[in-house]
Amino acid sequence: MTATDPDRYAVAGNPIAHSRSPLIHTQFAQQTGQAMVYERLLCPLDDFSATLTRFAQAGAKGCNVTVPFKFEAFEMAARRTPRAELAQAANTLRFDAAADGGWLADNTDGVGLVRDITVNAGMTLAGARVLLLGAGGASAGVLGPLIEARPAEIVVANRTADKAQTLVDRHADWAREHGVHLSARSLQEPGQAYDVFINGTAASLSGGGIPVGPEVLKPGGLALDMMYGPAAQAFLDWARAHGAVARDGLGMLVEQAAESFALWRGVRPDTAPVLAAMRALVDGTAAH
Ligand code: ATR
């Protein structure tokens, strides 16, 4: 390493070849004039912590973390932001030196989702009724910031009811502090006509279809799948066919990246041109 070497970052996961994060962060770096490189770090399933430690010891400054390592990343950090604590998972690490407090874990997925809904999609969360489908890592990562946006109500519905209840219980104080009515429901009785419906399940990937009926949608309401590309297509078609405003997870992906970038570099990139470029890329890919 010399003083002129760019700072190193990566996205760590398994698999990782498909990740769009290097492209997004490279555009952010160009736009803001930051001297950094961002690569993909494939971590063996049983060797995440050692792989990451080597990356940090080689001089890297931080990383994003994706499936299936967000929980391990959270455990490895010396310090955690409140939103990472609520999620019990981290998608962002900053490799601060021990003298500065040690590695910091953050979770920017939720704020990315909220920003995509309120800024990019121009929908209002404050006072809204929200249905969050799923209680796995994706849903856990976004519930805290969703509550902070102060909707009137959030219902968490999940196939395995216990997991939804556990997630709700963990966020109960946070919801009370923000005046949000938070509850768990079954997939069989998820409620009706939500202003915002967020799919955080892997149901579309497992070919299971959308595990609730269209009565959860409201004409003109928002229906958002955290996936993007072909994995989200069935959901988008279904939501549109029932009069909802359909949105995939690409905006959330770009926004969570911007929040990580800001944590590392202290400068917030303009997400609009990057989201437009990613949209063109994903739509182009989908068409082939
Ligand atoms: P992730 O970290 O991506 O959220 P996960 O922790 O495996 O992955 O969670 C996947 C979520 O999708 C869970 O809420 C899961 O429901 P269960 O908790 O009951 O397993 C949900 N899911 C996956 N396949 C599903 C299907 N076919 N129908 C309904 N829900 C499904």
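Remember, it's 1-based here, ligands and their atoms both numbered in the order they're listed.
Remark: aromatic rings of F197 and F235 are close, center separation under 6.0 Å.
Annotation for ligand 1: atoms under 4.0 Å from non-hydrogen atoms of P211 are 29 (C). Residue A138 approaches ligand 1 through these ligand atoms, each under 4.0 Å from one of its heavy atoms: 1 (P), 2 (O), 4 (O). Heavy-atom proximity to G134, at under 4.0 Å, picks out these atoms of ligand 1: 14 (O). In the vicinity of K163, heavy-atom distances shorter than 4.0 Å reach the ligand 1 atoms 17 (P), 18 (O), 20 (O).
Between V212, N158, D162, L167, it is N158 that holds the heavy atom closest to atom 16 (O) of ligand 1. The option from T201, I210, T160, V156 that lies nearest to atom 19 (O) of ligand 1, judged by heavy atoms, is T160.
Ligand 1 has no nitrogen or oxygen under 3.5 angstrom from a nitrogen or oxygen of V67. For ligand 1, one of its N or O atoms has an N or O atom of A135 under 3.5 Å away. Here's the thing with G137: one of its N/O atoms is less than 3.5 angstrom from an N/O atom of ligand 1. No N or O atom of S139 sits closer than 3.5 Å to an N or O atom of ligand 1.
With respect to D100 and R79, no salt bridge is recorded, no charged nitrogen being found less than 4.0 Å from a carboxylate O.
Across T81, L93, V111, a single residue satisfies side chain to side chain contact (heavy atoms under 4.5 Å, CB included) together with D106, and that is T81.
If you check the side chains of S21 and N64, you find no donor sitting under 3.5 Å from an acceptor. A side-chain donor from one of T201 and N199 sits under 3.5 Å from a side-chain acceptor of the other.
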Item to check | Stepwise side-chain contact (heavy atoms from CB on, under 4.5 Å) check, E259 with R115 | outcome: CA-CA 10 Å; E259 190 76 10; R115 201 179 292 265; 3.6 Å; yes
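Listed for the R20 side chain is no donor-acceptor partner under 3.5 Å among the backbone atoms of M278.
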